[in-house]
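First up is the structure itself, then whatever we jot down about it.
Numbered from 1 within each chain, the chains take letters A, B, ... in sequence-line order.
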Protein chains: 2
Amino acid sequence: MSAPRPARAVPAVAPAAPEACDVFHIDPARVSRLRGALIAPPTVVDLAETFRALGDPTRVRLLDALSHGELCVCDLARLLGLSESAVSHQLRLLRGLRLVRPRRDGRMVYYALDDRHILTLFRQGLRHVQETPARPAARRAR
Amino acid sequence: MSAPRPARAVPAVAPAAPEACDVFHIDPARVSRLRGALIAPPTVVDLAETFRALGDPTRVRLLDALSHGELCVCDLARLLGLSESAVSHQLRLLRGLRLVRPRRDGRMVYYALDDRHILTLFRQGLRHVQETPARPAARRAR
DNA sequence: TGAATACCTGAGCAACTGCTCAGATGTTTC
DNA sequence: GAAACATCTGAGCAGTTGCTCAGGTATTCA
């Protein structure tokens, strides 16, 4: 409560205050080695941003629908039972991260998954949750 | 503003009000076919939950560190410059989703990635962001 | 040109999230 | 048992998110 908490958008990727971080409790050598092996901060942010985009039920459903082929905003909205505005907002986010790609045709705009990479990532996640045992009570932990 | 918006934790997976959703603008046949091909709602939630867990810079860094081998909470905290409390909270979330696994040894608790699946998913995402062109101005869209 | 259609966008609100703080729990050592 | 250590947990706060609403832009057609 003393120090003003740093804004969350800028993750504390920089090492903590020097006076607190030179000694490691358990395995100093290994921890020091790890320091140099960690993913670079900008990449961390990009990676988290991409996963977070996939981490919402509405966007999962949008991507799932698009995994079967391109669709216009209108049909996406009807298919998923959402307002076109809500769909448009989400597509903008996915577009910004290059997860989907728009194609205008007259007054319609058709959206499709941006590339094969996305589909692979999506399906990998799907396989994980389908093969992971039911997660008994921990499911709603927290 | 008329209807009280449903809680966000229960995504509108159910089809929308019947009177609004029987007719599709563009390709009714295709949309109807898609209806049956979409991922089941509980799976959608699980999938989104898993991706969301990966969708935070702190958790990305935790998983990245653990991808090199198991570490105790204390070293994780020092390595990433976070409080042990913050690390513990995040690990609980990851534990609940079976993304990491604890192993107690005396008063220490060592955490490791739960299985190979996680590492595969993590690296797939990493490859994606590393191969995706710089995302010019859309990066911070919205 | 004007109306209709399909989509986009900013503002604003309720719900959610990640952190800190304070204190609890479990384990080892004296 | 008591003290020290490593970790866990609940409450609470500020920042973020996903939606709706209201109105905007782009395209087609009469």
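- Nucleotide C/dG10 holds its C1' atom 16 Å from the CD atom of A/Q90, rounded to whole Å.
- Rounded to whole Å, atom C1' of D/dG18 lies 13 Å from atom CZ of A/R92.
- Taking atom CG of residue B/L91 and atom C1' of nucleotide C/dG18, one finds them 14 Å apart after rounding to whole Å.
- Each of A/R107 and B/G55 was matched to the nucleotide of DNA chain C holding its nearest heavy atom; the match closer to the 5' end belongs to A/R107.
- The distance from atom CG of B/L93 to atom P of C/dC19 is 11 Å, rounded to the nearest whole Å.
- Each of A/S85 and A/D105 has a nearest nucleotide on DNA chain D; the 5'-most of these lies closest to A/S85.
- Neither OP1 nor OP2 of C/dT9 sits under 4.0 Å from any side-chain N or O of A/S88.
- Phosphate proximity of C/dT9 to A/R95: present, with a side-chain N or O under 4.0 Å from OP1 or OP2.
- Here A/Y111 lies in heavy-atom contact (under 4.0 Å) with sugar-phosphate atoms only.
- Checking D/dT7, C/dT20, C/dC7 against the side-chain heavy atoms of B/S83 singles out C/dT20 as nearest.
- Atom CG in A/D75 sits about 8 Å away from atom P in C/dC7, given to the nearest Å.
- Taking atom CZ of A/R61 as the reference point, atom P of D/dG18 lies 14 Å away to the nearest angstrom.
- A residue-by-residue look at A/R104 and A/A86 shows that A/A86 has its nearest nucleotide of DNA chain D further toward the 5' end.
- If you check D/dC8, C/dC7, C/dC19 against the side chain of A/V73, the one that comes closest is C/dC7.
- Remark: P of D/dT16 and NE2 of A/H89 are 18 Å apart, rounded to the nearest angstrom.
- Between the side chains of B/Y111 and B/R95, a donor-acceptor pair is found at a separation under 3.5 Å.
- Between B/D114 and B/R98, none of the side-chain N atoms (NZ, or NE/NH1/NH2) sits under 4.0 Å from a carboxylate O, so this pair counts as no salt bridge.
- Using a 4.5 Å heavy-atom cutoff, the side chains of B/Q90 and B/D56 are in contact.
- Using a 4.5 Å cut-off on side-chain heavy atoms (C-beta onward), B/V109 and B/R103 make no contact.
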*Apply side-chain contact (heavy atoms from CB on, under 4.5 Å) to the pair B/H128 and A/L99, showing each step before the final yes or no.*
CA-CA 10 Å; B/H128 171 72; A/L99 297 180; 4.0 Å; yes
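- Distance from the side chain of A/V109 is smallest to C/dC7 among D/dC19, C/dC16, C/dC7.
- Regarding B/L76, its CG atom lies at a distance of 13 Å from the P atom of C/dC19, rounded to whole Å.
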